[in-house]
Engineer: 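So that we are looking at the same thing, I have put the structure below in structure tokens.
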Amino acid sequence: MGNNGGLYALTEEHEAIRAAVRDIAEREIAPFAAEVDADSRYPIEAQKALTAAGFHATHIPEAYGGEGADAIATCIVIEEVARVDASASLIPAVNKLGSVPIILSASEELKQQVLPSIAAGRAMISYGLSEREAGSDAAAMKTRARLDGDSWVLNGTKAWITNSGISEWYTVMAVTDPEKKANGISAFVVHRDDPGFAVGPKERKMGIKGSPTCELYFSDCTIPADRIIGAPGTGFKTALRTLDFTRPTIGAQAVGIAQGALDAAVAYVKDRTQFGTSVGSFQGVQFMLADMEMKVEAARHLVYVAAARGEQGGADVTRVSASAKAFASDVAMQVTTDAVQLFGGAGYTMDFPVERMMRDAKITQIYEGTNQIQRMVIARSLLR
Ligand code: CAA
Ligand code: FAD
């Protein structure tokens with residue numbers, strides 16, 4: 001398959017993974033989703049169930065004790081978990097986001113130090129790029145790292161870090177040479193027990209309330225010199241290359257949320273009676289369902305194409321990944337909003353899951369780069 005013609009094929013193994021994850025999601029994750037949201041608590045049941053079944057970090061290569069699952073398989077896991085609980089789907093998604101920089105660029109020793117613990121489910125890992133004043137403009141970060149003998153010493157604050165406090169490991173981007181701007185940023189691995197590291201209070205959010213989002217504080221945080229990922233100055237490129245591989249996973253999360261809302265809406269309109277008949281018998285309702293189905297299916301295919309393109313080494317992977325993330329997340333917002341509409345007043349209450357899905361969908365248009373940034377990346381690629 002060429003760079004522009006690469007498609008994908010779903011194998012029997014992919015379908016088996018979907019069936020297995022759906023079973024776990026429905027039996028062991030869905031029953032807690034409403035409570036996790038209402039109480040803003042971490043979905044520990046999901047972490048345990050996913051870890052027991054080996055679905056918490058399927059992407060880790062076999063050489064480091066992982067399953068070595070391909071990118072589509074990882075998307076399927078995230079999609080099926082997100083179908084019932086978007087917060088819980090950030091367990092496999094962020095384990096991938098935090099570890100891809102290491103898989104792509106770290107020394108063999110550092111890979112051996114970190115990846116087996118994630119593969120075995122003994123540890124999780126987060127990804128620290130953003131800061132309060134450097135979100136979309138990530139290269140404007142201020143967190144500094146300087147070499148001091150055999151150690152790197154980090155100072156600064158990262159913002160909005162998913163699964164903070166839960167994760168043992170943190171991939172952190174920091175400036176090592178301010179003169180060089182983006183090419184003066186390096187990537188490091190920090191452990192939560194490292195001296196000078198602390199996690200801030202949880203943000204109070206609109207959605208994905210089960211996934212803790214916090215600041216990370218570095219006050220002369222001292223880590224061994226060999227915890228740098230790759231050479232000094234390569235950290236920003238590693239961070240952006242990582243997003244080429246992980247924006248499809250956010251697309252998968254969005255597809256899962258949208259599918260969950262569509263499934264709930266279909267069941268509801270069949271059951272709900274008005275004017276002496278089921279509301280699903282009205283063409284005005286049927287056409288909405290048809291549009292929702294078309295969008296979800298199109299988004300799913302684009303997500304799988306983007307996931308496969310990363311592994312095929314397509315030159316256009318940056319553009320296709322950005323397209324998949326933006327398209328799928330816009331679809332998730334539209335479809336969840338329409339699902340609330342199809343539930344009528346009931347959809348606006350916490351008695352049904354669609355209002356949570358609508359709140360959860362919103363974040364997929366914002367994180368891993370806002371959808372304006374995705375459109376900027378797509379357009380830059382077209383005009384280059
Ligand atoms: N892969 C490798 N290198 C890349 C790259 C890629 N995809 N894209 C750019 N680069 C290189 C460029 O070639 C350039 O290198 P040279 O100077 O050697 O040519 C360097 O990186 C800097 O690139 P740009 O000049 O394009 O950088 P920029 O400052 O204009 O910013 C940006 C680019 C696309 C706006 C980037 O800052 C960006 O993606 N911003 C959004 C931030 C983001 O996505 N954050 C996500 C945080 S994670 C998250 O939210 C968590 C979650 O989902 C749970
Ligand atoms: P800003 O950059 O301030 O953007 C404000 C608005 O301006 C947006 O609409 C934006 O699209 C628009 N805008 C900005 N620049 C442009 C432009 N050039 N052209 C057009 N429009 C533009 N980050 C991590 O590193 N790790 C994480 O684990 C993580 N998890 C997150 C979890 C949550 C719940 C949230 C809310 C955020 C998380 N983030 C994480 C941060 C996330 O990636 C940023 O919030 C996002 O990239 C946007 O940055 P910002 O919030 O500073 O918005």
Side-chain angles (χ1 to χ4, degrees), residues 40 78 82 86-87 89-98 100-101 104-105 124-141 143 157-167 170-174 180-185 187 199 202-216 230 233-254 306 309-310 313-322 325-326 329 359-381 384:
S40 294
I78 293 164
S87 291
S89 71
L90 284 162
I91 294 167
V94 174
N95 268 339
K96 180 159 182 177
L97 176 63
V100 167
L104 288 176
S105 306
M124 288 180 32
I125 185 162
S126 293
Y127 174 92
L129 178 67
S130 307
E131 298 181 3
R132 288 277 165 202
E133 305 306 325
S136 299
D137 185 10
M141 69 178 66
T143 298
T157 303
K158 289 287 164 185
W160 309 113
I161 308 308
T162 299
N163 290 346
S164 290
I166 302 290
S167 290
Y170 297 81
T171 292
V172 176
M173 276 48 79
K180 294 189 177 158
K181 305 263 170 57
N183 289 311
I185 292 171
V199 175
K202 285 200 290 183
E203 303 289 348
R204 295 161 63 235
K205 307 193 298 286
M206 172 194 287
I208 56 160
K209 291 179 180 236
S211 170
T213 314
C214 313
E215 290 189 330
L216 305 179
T234 61
F236 194 65
K237 285 191 176 117
T238 299
L240 292 190
R241 225 179 123 215
T242 295
L243 298 175
D244 290 345
F245 292 96
T246 58
R247 284 178 175 154
T249 65
I250 298 303
Q253 181 187 44
R309 198 68 59 90
D316 56 353
V317 60
T318 302
R319 186 177 73 235
V320 181
S321 292
K325 188 273 187 190
S329 57
R359 287 185 286 106
D360 286 347
K362 185 63 209 173
I363 191 59
T364 64
Q365 294 181 306
I366 295 172
Y367 60 16
E368 287 213 24
T370 67
N371 282 2
Q372 288 100 318
I373 293 299
Q374 308 306 323
R375 287 179 167 87
M376 189 178 103
V377 168
I378 295 162
R380 271 190 188 178
S381 157
R384 190 178 298 129

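Start at 1 and go down the list; that is how both ligands and their atoms are numbered. Small disclaimer: the values here were computed from a predicted structure and weren't measured.
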Engineer: Could you pull out, from A134, G128, G135, the option with a heavy atom nearest to atom 42 (C) of ligand 1?
Structural biologist: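 The nearest heavy atom belongs to G135.
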Engineer: Quick one: does A93 get within less than 4.0 Å of ligand 1, heavy atoms only?
Structural biologist: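 Distance cut 4.0 Å: A93 fails for ligand 1.
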Engineer: For atom 32 (C) of ligand 1, is the nearest protein heavy atom closer than 4.0 Å?
Structural biologist: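 No, there is no protein heavy atom closer to it than 4.0 Å.
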Engineer: Pairing donors with acceptors under 3.5 angstrom, does anything connect the side chains of S89 and Q253?
Structural biologist: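 Result is yes, a qualifying pair exists.
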Engineer: With the criterion set at N/O pairs under 3.5 Å, what does the list of contacts between the protein and ligand 2 look like, atom names and distances included?
Structural biologist:
| unit_1 | atom_1 | unit_2 | atom_2 | d |
| --- | --- | --- | --- | --- |
| ligand 2 | 2 (O) | S136 | N | 3.0 |
| ligand 2 | 2 (O) | S136 | OG | 2.6 |
| ligand 2 | 9 (O) | Q372 | NE2 | 3.1 |
| ligand 2 | 11 (O) | T370 | OG1 | 2.6 |
| ligand 2 | 11 (O) | Q372 | OE1 | 2.9 |
| ligand 2 | 11 (O) | Q372 | NE2 | 3.4 |
| ligand 2 | 23 (N) | S130 | OG | 2.7 |
| ligand 2 | 25 (O) | L129 | N | 2.9 |
| ligand 2 | 25 (O) | S130 | N | 2.9 |
| ligand 2 | 25 (O) | S130 | OG | 3.1 |
| ligand 2 | 26 (N) | Y127 | O | 2.8 |
| ligand 2 | 28 (O) | T162 | N | 2.9 |
| ligand 2 | 28 (O) | T162 | OG1 | 3.2 |
| ligand 2 | 30 (N) | W160 | O | 2.7 |
| ligand 2 | 30 (N) | T162 | OG1 | 2.7 |
| ligand 2 | 39 (N) | W160 | O | 3.4 |
| ligand 2 | 49 (O) | S136 | N | 3.4 |

Engineer: Nearest protein heavy-atom contact for atom 8 (N) of ligand 1: which residue, which atom, what distance?
Structural biologist: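 Going atom by atom, the protein heavy atom closest to atom 8 (N) of ligand 1 ends up being L240 CD1, 3.4 Å.
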Engineer: Which residue and atom name correspond to the protein heavy atom nearest atom 52 (C) of ligand 1, and how close is it?
Structural biologist: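 Nearest protein contact, heavy atoms only, for atom 52 (C) of ligand 1 is E368 CG, 3.5 Å.
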Engineer: Which residue and non-hydrogen atom of the protein lie closest to atom 35 (C) of ligand 1, and at what distance in Å?
Structural biologist: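 Result: M376 CE, 3.5 Å.
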Engineer: Any side-chain donor paired with an acceptor under 3.5 Å for S40 and K202?
Structural biologist: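 S40 vs K202: no donor-acceptor pair found between side chains.
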Engineer: Short N/O distance, under 3.5 Å, between T162 and ligand 1?
Structural biologist: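 Between T162 and ligand 1 (N or O atoms, distance only) the closest approach is not under 3.5 Å.
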Engineer: What protein heavy atom sits nearest atom 40 (N) of ligand 1, and how far away is it?
Structural biologist: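 Nearest neighbour among protein heavy atoms for atom 40 (N) of ligand 1, to 0.1 Å: S136 O, 2.9 Å.
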Engineer: With the threshold set strictly below 4.0 angstrom, can you tell me whether any protein non-hydrogen atom sits that near atom 17 (O) of ligand 1?
Structural biologist: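 Answer yes: something from the protein, a heavy atom, is under 4.0 Å.
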Engineer: If you define the side chain from C-beta out and look only at heavy atoms, does anything of M173 sit under 4.5 Å from T143?
Structural biologist: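 Not in contact.
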Engineer: Short list, please: which atoms of ligand 1 are under 4.0 Å from a heavy atom of S130?
Structural biologist: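 Atoms satisfying the 4.0 Å criterion: 47 (C).
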